[in-house]
Amino acid sequence: MPELPEVETVRRGLEPAMSGRRIARLIQRRPDLRFPLPERFAERLAGRRIERLGRRAKYLLAHLDGGEVLVMHLGMSGRFTVTLTPDLRRAERSLVGEFVHATGTDPAHDHVVLEMEGGAVVTYNDPRRFGFMDIVAADGLDDCRHFAGMGPEPLGSAFNSAYLASRAQGRTTDLKAFLLDQRNIAGLGNIYVCEALFRSGLSPHRAASCLSDRKARPTERCERLVPTIRQVLEEAIASGGSTLRDYAHADGSLGYFQHSFKVYGREGELCVTPACTATIKRTVQAGRSTFHCTRCQR
DNA sequence: CCGCGGGCCTGAGAGC
DNA sequence: TGCTCTCAGGCCCGCG
């Protein structure tokens, strides 16, 4: 699935079509995604105006008039596409818009379609259906079941070395798992954790407690890691995210940060560090692939 | 409380 | 061509 940079890219792509616009009609093609969709989902959203389109971690947030928020998560394979020709079936649209063709999604997995006032059609496609949607009250959004206990945004000021060190103190879990845990920091996934740890020269297998000294103060490692996480995310957003098998922008164009991966998906390749002769290793942590250089990352 | 493994789904790609 | 196996940007749950 998209991690934070991909979701942010999707948000920016959807903004012109959705922000400030009313949902003329919503078509729900099945009762559930990963979870059952809310009761009367389509009826509750029809006619509502989207005041703004936001993001929290890997979630998209459509702030609606009437004090509710449409919460959307893309799971592993969720994708939004925008077309500008309403009232045509998708098959017909694909004849018109080459961008639809370019995304290559199977219309069988078009689960939710939002027809926006003004003519844009926003289609949610998700083959694996690990994504989900929910409607929650705007006041208390942070306390709803999706966000309660979630850690700070890595690009916000609440994420800093003092914070991270306080979370990491005494934790024996691997750094990799610690950074993937959304309660510690919200929005990182497998790719960006691997990349941030490489850029920080930290082994993913090291204990998380290495970020903290005995007084819960940040160590030098922590001071290195925090800005690196920000940097890798910002670079990825600037590149329009990463395009692997499932992900494309709302207009069908592709991100290109995958070309900047230094370790992710590079098992067996020579480490990119000048003069380093080691090859990238793939290991499995908590059931997920970790890529790292055993020489540069300690 | 903590860490791990399994499960949820479908599709792509490798190997035979 | 087609089968079988592995793997995939996430997250939740139950187990020990």
Asker: So, OP1 or OP2 of C/dA8: does either fall under 4.0 Å of a side-chain N or O from A/Ser289?
Answerer: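 The answer is yes; a side-chain N or O of A/Ser289 sits under 4.0 Å from OP1 or OP2.
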Asker: For C/dC11, take OP1 and OP2 only and decide whether either is under 4.0 Å from a side-chain N or O of A/His73.
Answerer: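 Checking C/dC11 against A/His73, a side-chain N or O does come within under 4.0 Å of OP1 or OP2.
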Asker: Give one of base, sugar-phosphate or nothing for A/Arg34, where a contact means two heavy atoms less than 4.0 Å apart.
Answerer: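 A/Arg34: base contact, heavy atoms under 4.0 Å.
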Asker: Which whole number of Å gives the distance between the P atom of C/dG14 and that of B/dC9?
Answerer: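 My reading of the P atoms in C/dG14 and B/dC9 gives 16 Å.
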Asker: By the side chain to side chain donor-acceptor pair (under 3.5 Å) test, which pairs, at least two apart or in different chains, include something from residues 36-47 of chain A?
Answerer: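 Sorted result for residues 36-47 of chain A: A/Arg44-A/Glu68.
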Asker: Which whole-number value in Å describes the distance from A/Asp32 CG to C/dC11 P?
Answerer: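 The answer, rounded to whole Å, is 19 Å.
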Asker: Can you list the residues that meet the salt bridge (charged side-chain N to carboxylate O under 4.0 Å, His left out) rule with A/Arg183, with sequence neighbours excluded?
Answerer: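 Scan of A/Arg183 (salt bridge (charged side-chain N to carboxylate O under 4.0 Å, His left out), adjacent residues dropped) gives A/Asp181.
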Asker: Hydrophobic side-chain clustering at under 4.5 Å (ILVMFWY, transitive links): who's grouped with A/Val71? Put none if nobody.
Answerer: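 When side chains under 4.5 Å apart are linked, the cluster holding A/Val71 also contains A/Phe35, A/Tyr59, A/Leu61, A/Val69, A/Phe132, A/Val136, A/Leu141, A/Phe147, A/Met150.
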Asker: A/His109 has an atom NE2; how far is it from atom C1' of B/dG11, in whole Å?
Answerer: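 Going from NE2 in A/His109 over to C1' in B/dG11 covers 8 Å.
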Asker: May I have the distance from A/Leu175 (atom CG) to B/dG3 (atom C1'), rounded to whole angstrom?
Answerer: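 Interatomic distance, CG of A/Leu175 to C1' of B/dG3: 15 Å.
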Asker: In whole Å, what is the span from the CG atom of A/Asp126 to the P atom of B/dC8?
Answerer: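 Spelled out: CG on A/Asp126 to P on B/dC8 is 16 Å.
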Asker: So does A/Thr173 get a side-chain nitrogen or oxygen closer than 4.0 Å to the phosphate oxygens (OP1/OP2) of B/dG3?
Answerer: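 True: A/Thr173 side-chain N/O within range (under 4.0 Å) of B/dG3 OP1/OP2.
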Asker: Indicate, yes or no, whether a donor-acceptor pair under 3.5 Å links the base of B/dC9 to the side chain of A/Arg128.
Answerer: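 Such a pair is found, so the answer is yes.
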Asker: For A/Phe130 and B/dC8, say yes or no: do the ring centres fall under 5.5 Å of each other while the ring planes differ by less than 30°?
Answerer: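 It does: the two rings, one from A/Phe130 and one from B/dC8, meet the stacking criterion.
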Asker: Find the distance A/Leu74:CG to B/dT10:C1' and express it as a whole number of Å.
Answerer: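 So the CG-C1' distance, A/Leu74 to B/dT10, works out to 16 Å.
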Asker: Any luck finding a side-chain donor-acceptor pair between A/Arg171 and A/Ser212 under 3.5 Å?
Answerer: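 No donor-acceptor contact under 3.5 Å links the two side chains.
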Asker: Go through the structure and list residues passing side chain to side chain contact (heavy atoms under 4.5 Å, CB included) with A/Arg52, not counting sequence neighbours.
Answerer: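 Partners of A/Arg52 under the side chain to side chain contact (heavy atoms under 4.5 Å, CB included) test: A/Ser19, A/His63.
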Asker: Which comes earlier along DNA chain B counting from the 5' end, the contact point of A/Ala286 or that of A/Arg129, where each point is its nearest nucleotide?
Answerer: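 The residue closer to the strand's 5' end, by nearest nucleotide, is A/Ala286.
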Asker: Hey, where does DNA chain B pair up into stems, meaning at least three consecutive Watson-Crick or G-U pairs with distances under 3.5 Å?
Answerer: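 So far as stems of 3 or more pairs are concerned, DNA chain B shows B:2-8 with C:10-16, B:10-16 with C:2-8.
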Asker: Do NZ/NE/NH1/NH2 and the carboxylate oxygens of A/Arg12 and A/Glu15 come within less than 4.0 Å?
Answerer: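 A salt bridge is absent here (no side-chain N lies under 4.0 Å from a carboxylate O).
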Asker: The side chain of A/Phe35 is closest to which nucleotide in this list: C/dC11, B/dG3, C/dC12?
Answerer: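 My answer, after comparing the listed nucleotides, is C/dC12.
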Asker: When the distance from CG of A/Asp174 to C1' of B/dC4 is rounded to whole Å, what number comes out?
Answerer: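 Between C1' of B/dC4 and CG of A/Asp174: 11 Å.
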Asker: From the set B/dC2, C/dA8, B/dT10, return the single nucleotide nearest to any side-chain atom of A/Arg171.
Answerer: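 The nucleotide sitting nearest to the side chain is B/dC2.
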Asker: Look at A/His146 and C/dC11 and indicate whether a side-chain polar atom (N or O) is within less than 4.0 Å of OP1 or OP2.
Answerer: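 No, no such contact exists.
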Asker: Atom CG of A/Leu33 and atom P of C/dC12: how far apart are they, to the nearest Å?
Answerer: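 The distance from CG of A/Leu33 to P of C/dC12 comes to 15 Å, rounded to the nearest Å.
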Asker: Suppose we call two aromatic rings close when their centres sit under 6.0 Å apart. Are A/His292 and A/His205 close by that rule?
Answerer: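 Yes: the rings meet the under 6.0 Å criterion.
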Asker: Show every donor-acceptor pair shorter than 3.5 Å between a side-chain atom in residues 225-232 of chain A and any protein atom, with sequence neighbours excluded, or say none if there are none.
Answerer:
{"unit_1": "A/Thr228", "atom_1": "OG1", "unit_2": "A/Arg224", "atom_2": "O", "d": "2.7"}
{"unit_1": "A/Arg230", "atom_1": "NE", "unit_2": "A/Pro154", "atom_2": "O", "d": "3.2"}
{"unit_1": "A/Arg230", "atom_1": "NH2", "unit_2": "A/Phe159", "atom_2": "O", "d": "2.3"}

Asker: What integer distance in Å separates A/Leu180:CG from B/dC2:P?
Answerer: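 After rounding, the reported distance stands at 16 Å.
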